[in-house]
**Student:** 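Below is the structure I would like to discuss, written out as structure tokens.
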Number of protein chains: 2
Amino acid sequence: MAAQQRQITLTEVARAAGVSTATASRAINGSSRRVSADIAARVKRTAEELGYLPNLSAQTVAKGASPTVAVLLSDVADPYFSAIAAGVMSGASEAGLMVTMAASERSPVRELEMLRTFRSQRPQAIIVAGSRDEENAHTQEFTAALRAYAETGGRVVVITQGPSPFDLVDIQNHDGARKLAHALVDRGGRDFGVVSGRMTLQTNADRISGFRAGLAERGISLSDDAIVETEFTRDGGYVGMHELLARRQDLGAPLDTVFATSDMMAFGAATAIRDHGLRVGTDISLAGFDNVGLTEDMNPAMTSVEIPLHELGQSAVRLALGSGAEPVRLKIQTRVVLRASTPQR
Amino acid sequence: MAAQQRQITLTEVARAAGVSTATASRAINGSSRRVSADIAARVKRTAEELGYLPNLSAQTVAKGASPTVAVLLSDVADPYFSAIAAGVMSGASEAGLMVTMAASERSPVRELEMLRTFRSQRPQAIIVAGSRDEENAHTQEFTAALRAYAETGGRVVVITQGPSPFDLVDIQNHDGARKLAHALVDRGGRDFGVVSGRMTLQTNADRISGFRAGLAERGISLSDDAIVETEFTRDGGYVGMHELLARRQDLGAPLDTVFATSDMMAFGAATAIRDHGLRVGTDISLAGFDNVGLTEDMNPAMTSVEIPLHELGQSAVRLALGSGAEPVRLKIQTRVVLRASTPQR
DNA sequence: TTGAAAGCGTTACCAA
DNA sequence: TTGGTAACGCTTTCAA
């Protein structure tokens, strides 16, 4: 490695071009004031030759605003979040913003820490994905911190959350699950089971209540012992499905159709069904939610409820860049996608 | 929303606590100099009461270094990259660093832009994942920019790349593919086909050459028309598999085992096989590479070559934080995971 | 141990 | 249009 060189500063560019720093600043990084064409050209050329790059932090200090959006999510490795993250990154890049990202790994304490760090960064907006556990004590503190951030001029966009004072990207989970229930009944489902995440998660709760409502509208009721509550993850789906099958067996109760409240859970559930010696689709119909990539590459292809996750991520950025006069609630519609995992029976 | 308030500054905290800014800085954000315990406590309490949060940009300007790592990848929505990203985020959080992330969406031009923005940010390190197209003209420019960054004291860590002057996380793609070839021959494979990404991608090329070498060691040669070159994506896998099947049919050539050079390609390929009316495993054995999540939830479960992607992401951060005296090459071993998609035949 | 003051790289105001 | 200079919020050197 060559000897450590310093980065060229704007002052150095200015001196080399024979102008003041003020002029150099105006020429390179633009502003309302304009600069004569020839000087501007000269400065830019000098900057180019010297390999000048603006110091973003210095700009941020001087301007009082950082060209950044921060994204807080549970886990990027989860396709649900990674699709949202991809959307946010694409939206941010369109808007000329950088993205800082942190994963809470589903720990409320870490979440609080990351939010603190985000705030120190003073981004234009903080986007929060993944619903918090309503019952957790940290949730209040979390909301308070977000509010404090908003009060100092930051924008907050929350994805799927209960009522909130912030801009909200509101995925129609209830409605989607309700439509899914209708579709499954139409396909001949009669004896339903649900593999569910924790009920304290808003997203999960909405899906359950929507599903229940949809079934009720078709005259089918969902008994409590038909619902297994487990972790809202792939492994949760696997374990939960095993438990559901065992439980129904013990009760001697029939089971023809299972709704797993997320695709990740459904993937785990599918494997559990096979490990039980049963066939997905043929013996037990199975549906997920999110319509994450790979649902169609499953065998049989997995029925799911589509959420436009990528677009949703982009929208979150646009929302964050809006006027912000009043908190906006952006409803995201869902769509049932029937596939071979829930055949006509 | 409440009226726009300003953020509390260190100066304000100092004044409120009746000390100098210098002391306040030392008390709160630490430094070599120490502060008497009582004053430190008083300052910290005041800061707490006032809701002070350090301004990271100001700190960065003053210190000349930003507590940040930047990650450049092709596409977060791809499980391969999202697993790496998760690892990087976890490693960064351990080290007390923030993460800024950008996706090139496989466009060399965008990649160059994002690198420029990264450089403006002056992060401690830039981590580059996803191999560049060696033949692309932008690649040189890209490397030059990385070098310039390194010369100004930045650390560069590159994941899977050809020879490079930077720290390198070197996934043993050749070796992994070679071992896979052995395993597939041991399972009775004789007539092989490959669904491959672009040969100009280092990662892909290494996998192909390793696979070819492995077959050769078992006395099997891979003819050129047994390899279909397509996009290094799920859709590429789908299309490529269709083409491979059609081609072999035209030639009247047998085909019992297919290697898709990534799991995503393999997933697409599996669906293509089914769409052709054939069964994965039974009619055609199929293996992927990366051992991304969900390989075991496929039906049949997908044989793959495991790369410890998460750990690799964490290691990349540690590498970036190392001394940096000499470029380090960290070899990442792979492991063949045989599953039902490649049964004994 | 504490404080005054210079400095980090910019931007933005105010004159010229 | 251009330049001088204060200001942004913080760290760090140098004295006290």
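Chain letters run A, B, ... following the sequence lines, proteins first and then strands; every chain starts at 1. Values in this document were obtained by computation on a predicted structure and should not be read as measured data.
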**Student:** Roughly, in whole Å, what's the span from CD1 in B:Ile39 to C1' in C:dG3?
**Tutor:**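 Roughly 11 Å, once rounded to whole Å.
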**Student:** If you measure only the distance, is there a donor-acceptor pair under 3.5 Å linking the side chains of B:Gln121 and B:Thr100?
**Tutor:** yes
**Student:** Rounded to the nearest Å, what distance is computed from the CZ atom of residue A:Arg122 to the P atom of nucleotide C:dT10?
**Tutor:**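 From A:Arg122 CZ to C:dT10 P: 20 Å.
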**Student:** Can a salt bridge be assigned to the pair A:Glu12 and A:Arg6 using a cut-off of 4.0 Å between side-chain N and carboxylate O?
**Tutor:** yes
**Student:** Between P on D:dG9 and CD on B:Gln7, what's the gap in Å once rounded to a whole number?
**Tutor:**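 Rounding to the nearest Å, CD of B:Gln7 and P of D:dG9 are 10 Å apart.
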**Student:** Can you see which heavy atom on A:Ala77 is nearest to which on B:Ala86, and at what distance?
**Tutor:** CB-CB, 4.1 Å
**Student:** In whole angstrom, give the distance that lies between atom CD of A:Gln121 and atom P of D:dG9.
**Tutor:** 17 Å
**Student:** Calculate the interatomic distance between B:Ile8 atom CD1 and D:dC10 atom P; express it in whole Å.
**Tutor:**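 Taking atom P of D:dC10 as the reference, CD1 of B:Ile8 is at 10 Å.
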**Student:** D:dG3 phosphate, OP1 or OP2: any side-chain N/O from A:Thr23 under 4.0 angstrom?
**Tutor:**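 For D:dG3, OP1/OP2 do have a side-chain N/O of A:Thr23 under 4.0 Å.
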**Student:** So, do B:Val128 and B:Phe166 sit near enough that their side-chain heavy atoms are less than 4.5 Å apart?
**Tutor:**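 Counting from C-beta outward, B:Val128 and B:Phe166 never come under 4.5 Å.
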**Student:** With respect to the phosphate group of C:dT11, does any side-chain polar atom (N or O) of A:Gln59 fall under 4.0 Å of OP1 or OP2?
**Tutor:** yes
**Student:** Does the side chain of B:Ser107 come under 3.5 Å of the side chain of B:Ser104 through a donor N or O and an acceptor N or O?
**Tutor:** no
**Student:** Is the distance from OP1 or OP2 of C:dG9 to the nearest side-chain N or O of A:Arg6 less than 4.0 Å?
**Tutor:**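 Checking C:dG9 against A:Arg6, a side-chain N or O does come within under 4.0 Å of OP1 or OP2.
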**Student:** Taking atom P of D:dG9 as reference, at what distance in whole Å does atom CD1 of B:Ile28 sit?
**Tutor:**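 Computing the B:Ile28:CD1 to D:dG9:P distance gives 15 Å.
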**Student:** Quick one: which of C:dA4, D:dC10, C:dT10 gets closest to the side chain of B:Ala22?
**Tutor:** C:dA4
**Student:** Are B:Lys331 and B:Asp170 within salt-bridge range, i.e. N to O under 4.0 Å?
**Tutor:**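 No, no charged N to carboxylate O under 4.0 Å.
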**Student:** Please report the distance, rounded to the nearest Å, between CG in A:Asn55 and C1' in C:dC8.
**Tutor:** 8 Å
**Student:** Looking at C:dG3, does its base get a donor-acceptor pair with the side chain of B:Arg26 below 3.5 Å?
**Tutor:** yes
**Student:** Which nucleotide in the list D:dT11, D:dC10, C:dT10 gets nearest to the side chain of B:Lys63?
**Tutor:** D:dT11
**Student:** Determine to 10° how strongly the helix from C:dT1-D:dA16 to C:dA16-D:dT1 is bent, judged from the axes of its five-pair ends.
**Tutor:** 40°
**Student:** Round to the nearest Å and state the distance from B:Tyr52 atom OH to D:dG9 atom C1'.
**Tutor:** 8 Å
**Student:** How close do A:Ile126 and A:Pro123 get, counting heavy atoms only, and between which atoms?
**Tutor:** CG1-CG, 3.9 Å
**Student:** Does A:Asn29 put a side-chain nitrogen or oxygen below 4.0 Å from OP1 or OP2 of C:dT11?
**Tutor:**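 Yes, within the criterion.
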**Student:** If you measure from the Lys or Arg side-chain nitrogens to the Asp or Glu carboxylate oxygens, is any gap between B:Asp167 and B:Arg318 under 4.0 Å?
**Tutor:**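 Salt bridge absent between B:Asp167 and B:Arg318.
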**Student:** Using a cut-off of less than 4.0 Å, is there contact between a side-chain N or O of A:Ser36 and OP1 or OP2 of D:dT2?
**Tutor:**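 Looking at the OP1 and OP2 atoms of D:dT2, one of them is under 4.0 Å from a side-chain N or O of A:Ser36.
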**Student:** Which residues within residues 9-21 of chain B lie with some heavy atom under 4.0 Å of an atom in DNA chain C?
**Tutor:** B:Val19, B:Ser20
**Student:** NA contact type, A:Leu53, heavy-atom cut-off 4.0 Å: base, sugar-phosphate, or nothing?
**Tutor:**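 Result for A:Leu53 = sugar-phosphate.
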**Student:** Check the pair A:Val13 / A:Tyr52 against side-chain contact (heavy atoms from CB on, under 4.5 Å), numbers first and verdict last.
**Tutor:** CA-CA 7 Å; A:Val13 173; A:Tyr52 167 77; 3.6 Å; yes
**Student:** Are a donor atom and an acceptor atom from the side chains of B:Ser90 and B:Gln314 found within less than 3.5 Å of each other?
**Tutor:** yes
